[in-house]
Amino acid sequence: MSNSEYILNCDGISKAFGGTQALKDVQLHVKPGEVHALLGENGAGKSTLMKCVIGLIKQDSGTMEFEGKPYQVNGPIDALNSGISMIHQELNPEPYLTVAESIFLKRENTRGILLDKKAQNKRCQEVLDKFDVSYNATTKMKELTLAQVQMVEIIKAVSCDSRLIIMDEPTSSLDSTETEQLFEVIRDLKSKGVAIIYISHRMEEIFEICDRVSVFRNGTYVDTKSMEGVTRDELISMMVGRDVKSVFPKVDCKIGETVFKVENLCGDAFHDISFEVHAGEILGIAGLVGSGRSETMRAIFGLDPITSGKMYLEGKEITNKNPRSAIKKGICMVNEDRKNYGLCLLRSIRENISLPNLPARQKGLILNQKREKQECQEAAEKLTVKAASIEHNGFSLSGGNQQKVVLAKWILANPKVLILDEPTRGVDVGAKSDIHTLMCEFAAKGMAIIMISSELPEVMGMSDRILVYHEGRISGTIQRKEILDNHITQKDILAMEFAQHNKD
Amino acid sequence: MSEKKKFYQTDEFRMFMGKYGIGVILIFMIFVIAVMKPRFIYPSNILNVLTQISVNCLIAYGMCLAITTGGIDLSVGPQLALVSVLLGQFIVVRNMNIGLSIILALAATTLFGFINGVLIAKFNMAAFVVTLATQLVIRSIAQIISDGKGMSMASQAFKDIYSGTLIGVPLPIIYMVVISVIMYIVMHWTKFGRYVFAVGGNVNAAIASGVDVFWTKALCYTISGLLAGIAGVIFTSKTGSAQSNIGVAYETDAVAACVLGGTSFAGGISTAPGVLLGAVIIGCIYNGMNFLNIGSYYQYMTKGIIIIFAVLLDMVINKKNR
Amino acid sequence: MSEKKKFYQTDEFRMFMGKYGIGVILIFMIFVIAVMKPRFIYPSNILNVLTQISVNCLIAYGMCLAITTGGIDLSVGPQLALVSVLLGQFIVVRNMNIGLSIILALAATTLFGFINGVLIAKFNMAAFVVTLATQLVIRSIAQIISDGKGMSMASQAFKDIYSGTLIGVPLPIIYMVVISVIMYIVMHWTKFGRYVFAVGGNVNAAIASGVDVFWTKALCYTISGLLAGIAGVIFTSKTGSAQSNIGVAYETDAVAACVLGGTSFAGGISTAPGVLLGAVIIGCIYNGMNFLNIGSYYQYMTKGIIIIFAVLLDMVINKKNR
Amino acid sequence: GSSGSSGGAASAPASEAPASEAPAQSEAAPASEAAAEGEAAADTAASGGDLNGDGKIIVGYISKNTTDVFHATLNGAAEERLDSLVADGTIDEWTGILDGNTDAAKQCDLAQDCINYPCDYVIILPAESTASDPAVTSMADAGIGVIVVNSATDSTDSAAMAFAGSDDVYAGELMGNYVMEHVEGGGTFVHCQGIIGNSAQIQRGEGIANTIEKDSGWTKAADVPCDWDASKAVNTVDDYLAQYGDDLKAVICDNDDMSSAAQAECNAKGREDIVCIGVDGNQGPLQMVKEGTLGATVLQDGAGQVNAGIDAIVASIKGETVEKKIIVPFVLVTPDNVDEYLK
Ligand SMILES: Nc1ncnc2c1ncn2[C@@H]1O[C@H](COP(=O)(O)OP(=O)(O)OP(=O)(O)O)[C@@H](O)[C@H]1O
Ligand SMILES: Nc1ncnc2c1ncn2[C@@H]1O[C@H](COP(=O)(O)OP(=O)(O)OP(=O)(O)O)[C@@H](O)[C@H]1O
Ligand SMILES: [Mg+2]
Ligand SMILES: [Mg+2]
């Protein structure tokens, strides 16, 4: 169905990975100058389709057309040459290259056969100056933070002068200001007639920036709609195929004694942090990206050093030299960086889930494998991990399902304090609600939960109490009651994050 | 891509070959050689091959641990030499008790294995570089101890370590079986084994799950040192001579056994039975080449081609989808 | 973390040592040896050391490319042997023109380099395993061609490749300088060089940016084959003999030169001048140890300890902040 | 471990002129040497050997390697003797043992190092007959008195001051003949080779080819590359026992590390009748000969070679005539004469 109205036509695309059918006869039609949202649960096949378009993988069947001409790609270079660029879901920095080198990789400035580094740096600096960034063309990529790397990838994709840009969860590690910056760019591109495919699990963004939306479910195409007139609930039921109940299933449970307390904690990126969490309480932590929330929690968990300050668990002072000692004491943490700190993708789901829980599951020196298998199976089922068997390895899982496996690890550990850093990053609506329900269950059992989230609605919806971070310090504390009573709104918290909030 | 899948592309076949492929290759090899030279599968020759591979097999188990954590242990060859010259010093020169001598010599290689481990795990140095360097250092020490000279280990009790039998089975096979069982349990049924795989698969995730990466890695190289030491005792008993120039390039066959046994150089993937099978294949290659009268110039080539072929087959069968 | 930083913890010192540390070590070494044996820095000895390192330096450049892409090339030693026996066949047996013979022999090693590259890049096999296997295969081929025998290469014209001079400078130094300049440009001033670093730093990112990983890797091993071939020509001219048993364990010194020159085994980090400095240091170690009368048993150890020490220093100075 | 090798150019005639010419064979010193000796005669003993005129007599020693057991004997003998020469003032200094790594190119480098050191005399144990030749010639060209020990290089006759060594082809022949004499009725033998391409491996193989391989009563099962490794020789014995059973009558090895281990394996398998023989005469195998567990071994008198070489230097320093070519023969060691050689 070649139609010159569309810049990209994908028809009848199917793709299987070994036994899993990731895409079944799906279609996607994108108009020039539109922002086309692609929605679907984790593992719906969004990234897979995009990888087919960019030539990273080859579809088993189906045809594609770009700008009215049949389109065949053998690799990303073909896509780039045809005018398609992509921001990948998994960040992929070149650690040892400079910003300029990495933005212009494969598009180097040359004089004859030699590189023209000067001209390239200048050209890069010009591009960077258009964005308000704190690094320059010659900064090494490894010195950038996650969010900065994400911005470089955005800049890189945008600077290709492509006519179609694919953005696969570009905002998952950005905060609201940076997101706004990205939206500025998107609007600008739109006005130049560039088409954008926008993938995100954050509904608000879809409504803010997108023109049309296509929905996938379980590797099949569901429908394409104009954003005008479509409601959030409609989209969700298209995605999930069932109704997702209340958005935040927060149940208030009995808040008990103080379980964990820190006093005047200082580290490289945070200063003078004091707070306490009680049994049954969910403590939310809000703040801008880079405000030091993760660093604080990493330090508490023993991944980073603490320069001064004290920690108390159940009234006793403790120190955590490394995660092992933290886990032993009953403090567990789900890291925000799933790929690096979450899973061994090469090993089976079972081995991943049981990894931190082995010491308790030995008979003498030998592991009790029957018990291990059974417990892991139960944990995986409880979190509805979508996999054929727990003996499959991590690679075969979609991002959201990987996140569930990480959570399952700590369910078995049954900790006293559970730290969740962005527990629902990259997780679809359905699974998100599962995870939230689970958090409430844990709290009800008397666990103390600390949750970092960059999604304000999530923090506000789930927390009994919220700490707001600003530049490594706590800039405010909010009780759930204040939110329920509408004393505090999203805007107020944002203001605190920017430290414009003056407590008078 | 293609509509109809060839039989070797079906999932069943791949699963089967992924698990047992190496065994299939071995059986095929044995079959071919046996058809040409029936004596190849006489029990006496089978015992012979198994006896021969014992040294390489023990080294390969240690190598496998190192590779699984994402490293390598190039120092195993000189470790054999170190054990050998120490045994010479203890037993021949100082006339010490054989058992005690062996324990002391093994303690030395274990210590060097531990040093490898500390350098690699504590200072985060590349295993290739560290073990390349300790390879030189250990060889040096062995030469200094022996002054480069050989020493005859005439004691029959000592020679019996290699040439003795138990209910008709040569002792080296017994050692190999015992250590294979232990390694199987260690790698697949203990906490430590799990940690080895986790560290090799994703070291940061392992840290965040409370794994003590330092001790896990250090222990792997320590075990490798110990196993290389035991291999050295067998070797010395076999040749009846304490020498500092033995074991040159022995890491090659150990690595080959690991690779044939499905150990991934990226780390995180290996199995103990795979390594054993790999060692048996290497043994059959050597023994088979002699049976088939393959000229000396072609022996290296045969080994090289079989390694490439086996890995290639593995790649094609367990092909990553892209 | 601590309030007062020691001088070696200051950023300035670290930046300086990170960039020039290896040079500082070299100068220190030269100084110490020269104080003890002034003849060490006589011009004649300096030319001597530079001439000696030429073979290792060329091999190390190829090795550096392989390591930078995250691999290794263990087949360089046999490549020397292959060139050597081919030159023997062409020049001595067939009486062919020297220039043509060299070109054909280099074509052969380049081809084998390319085969390494294809196996590694196309089939995604571990470079260690592939080059270990081709090492055996190439050695075999060299033995088959030469029938295991040596052959004298008496032609003066051929010997002059090594022993000739240009304005008083031995030719091997000239080759080394020319190739160093070319390698510097290739690695740091061309697109190809950039892609090599990109592939080594993060292969997925390189793929996503449209870098042709296959050709980048394949070319690295091809160049390594070519450079090993050139080293083989120099070697053969030096010894005046075509032989199949040369170059054993030459990869060790090449790797050592790379490592001393700051090449990271994790891939993505290296510099051409670093490799040159690394080769010079290795040369000075060998020459210096002989000048200082360090006993041969201690030479291996010295080399091993210097390697560990240099890497350790590098680690401490460029310490990862964690 | 591997062993000494003999010169390619020198080997052809020498193979027919073996032990009978022992113990020594001398020729006139070449012209360049005569000049040096002229000075020596005029001056004191110590300065007489100062060929490069820097006021010191320095002797270099380039070994083939420091890893082989056989070469350890040579190196040890050299170390002892040269140390004593330094102690008694005959020479001022020596370089210590320079390790050639069994690599001719390395030896060429070491030759340059010796020139720069600067040495007056250098003893070299060539790694290869042809490939190590540039090391010899470059030192000779630089005016150094070169003494080639153990095996000759191509231009040893013209360039070196003296040669002290033996002939590996003859060693191979000794082994072949021994086996033919001691096993009645012939049969099958297997040959365990050293590292392929070493001169010692090639020439000992030639000797075997010249004798037992020509005998119609004998068949060679195979040449097996054992890399001088005793363990691989044991494996080879097992492999061929499995294959040929009682037909296997002899194992000929390129060195006696391999042959002694092979014999021990045969004995352990109850096949004391198999004759294993190798070259070198290391202490271990000699011990076995004495005990009667090994029939014989071919001894190469390494220490004798080195001492003959050093004698040449001393003679040159003192201004005496230098024996140009000293052949130290291989000796077949059997229980009859083992006591002479066993320390
Ligand atoms: N390399 C692979 N090997 C095997 N299965 C894969 C692979 N990549 C993806 N899959 C499977 O394909 C399906 C679709 O995955 P895809 O990454 O496209 O999901 P997605 O819609 O992008 O999800 P998410 O929102 O979590 O990113 C999933 O079931 C996943 O398990
Ligand atoms: N690897 C790093 N190298 C240098 N600085 C870093 C690194 N990681 C973090 N930082 C710095 O530490 C500070 C805190 O970062 P952190 O990741 O804790 O932020 P955050 O509030 O948790 O954000 P988010 O969790 O949303 O990513 C930032 O200023 C950042 O620049
Ligand atoms: Mg995705
Ligand atoms: Mg963070």
Side-chain angles (χ1 to χ4, degrees), chain A residues 51 54-57 73-81 84-98 100-117 120 140-143 149 152-153 156-157 160 168 266-268 298 303-308 339, chain C residues 1-5 11 14-15 18-19 67-70 121-122 181-216 219 262-272 274 318-322:
Chain A
K51 284 181 191 160
I54 205 87
L56 267 178
I57 52 180
V73 278
N74 280 319
I77 190 66
D78 287 351
L80 284 167
N81 289 339
I84 305 178
S85 56
M86 173 160 173
I87 301 165
H88 291 266
Q89 180 176 13
E90 302 292 345
L91 288 178
N92 246 335
E94 276 287 357
Y96 311 116
L97 298 191
T98 65
E101 286 168 352
S102 116
I103 287 182
F104 292 107
L105 189 59
K106 206 58 196 167
R107 298 183 286 138
E108 288 84 1
N109 282 40
T110 51
R111 239 190 294 163
I113 58 159
L114 297 188
L115 297 174
D116 190 343
K117 296 182 185 174
Q120 181 168 304
K140 281 244 161 40
M141 289 296 287
K142 67 171 177 185
E143 283 157 24
V149 169
V152 170
E153 301 241 336
K156 179 174 180 177
C160 284
D168 195 350
C266 296
D268 280 349
R298 284 172 60 93
L303 271 171
D304 288 338
I306 289 171
T307 49
S308 69
K339 203 166 103 193
Chain C
M1 274 150 261
S2 80
E3 295 303 282
K4 239 185 85 184
K5 285 179 170 178
D11 278 357
R14 283 199 174 158
M15 285 280 281
K19 267 199 158 154
I67 297 177
T68 307
T69 63
K122 183 87 194 167
V181 170
I182 294 175
M183 285 305 293
Y184 180 74
I185 292 172
V186 166
M187 284 174 69
H188 301 293
W189 290 94
T190 67
K191 287 187 178 188
F192 168 70
R194 187 57 55 72
Y195 300 157
V196 171
F197 288 110
V199 167
N202 182 344
V203 67
N204 289 325
I207 292 174
S209 302
V211 172
D212 193 330
V213 173
F214 170 75
W215 276 107
T216 307
L219 215 52
T263 308
S264 158
F265 256 74
I269 304 179
S270 65
T271 64
N318 299 311
K319 193 175 164 189
K320 307 262 143 51
N321 292 296
R322 32 165 283 131

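A, B, ... follow the sequence lines: proteins, then strands. Residue 1 opens every chain.
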- prompt: For K140(A), does the NZ atom sit with more than 12 other heavy atoms under 6.0 Å from it, leaving out its own atoms?
  reply: no
Can you tell me which residue pairs pass the salt bridge (Lys or Arg N to Asp or Glu O under 4.0 Å) test with a partner in residues 182-195 of chain C, sequence neighbours excluded?
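Sorted result for residues 182-195 of chain C: E101(A)-R194(C).
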Residues F197(C) and E94(A): closest non-hydrogen pair is O-OE1, 4.0 Å
Most heavy-atom pairs under 4.5 Å with chain C, out of D116(A), N92(A), L114(A), belong to N92(A)
Q) For the candidates T110(A), I113(A), L105(A), which exhibits the highest count of non-hydrogen atom pairs separated by less than 4.5 Å from chain C? A)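 Most pairs with chain C among the choices: L105(A).
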query: Going from CD1 on I269(C) to NZ on K142(A), what distance comes out if it is rounded to the nearest 0.5 angstrom?
result: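 Those atoms lie 5.5 Å apart.
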- Separation of F192(C) CZ from E108(A) CD (nearest 0.5 Å):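 Answer for the CD-CZ pair, E108(A) versus F192(C), is 13.0 Å.
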Can you give the donor-acceptor pairs under 3.5 Å from side chains of residues 203-215 of chain C to other protein atoms, not counting sequence neighbours?
{"residue": "S209(C)", "atom": "OG", "partner": "K156(A)", "partner atom": "NZ", "Å": "2.5"}
{"residue": "S209(C)", "atom": "OG", "partner": "A205(C)", "partner atom": "O", "Å": "3.0"}
{"residue": "D212(C)", "atom": "OD1", "partner": "F214(C)", "partner atom": "N", "Å": "3.3"}
{"residue": "D212(C)", "atom": "OD1", "partner": "W215(C)", "partner atom": "N", "Å": "3.3"}

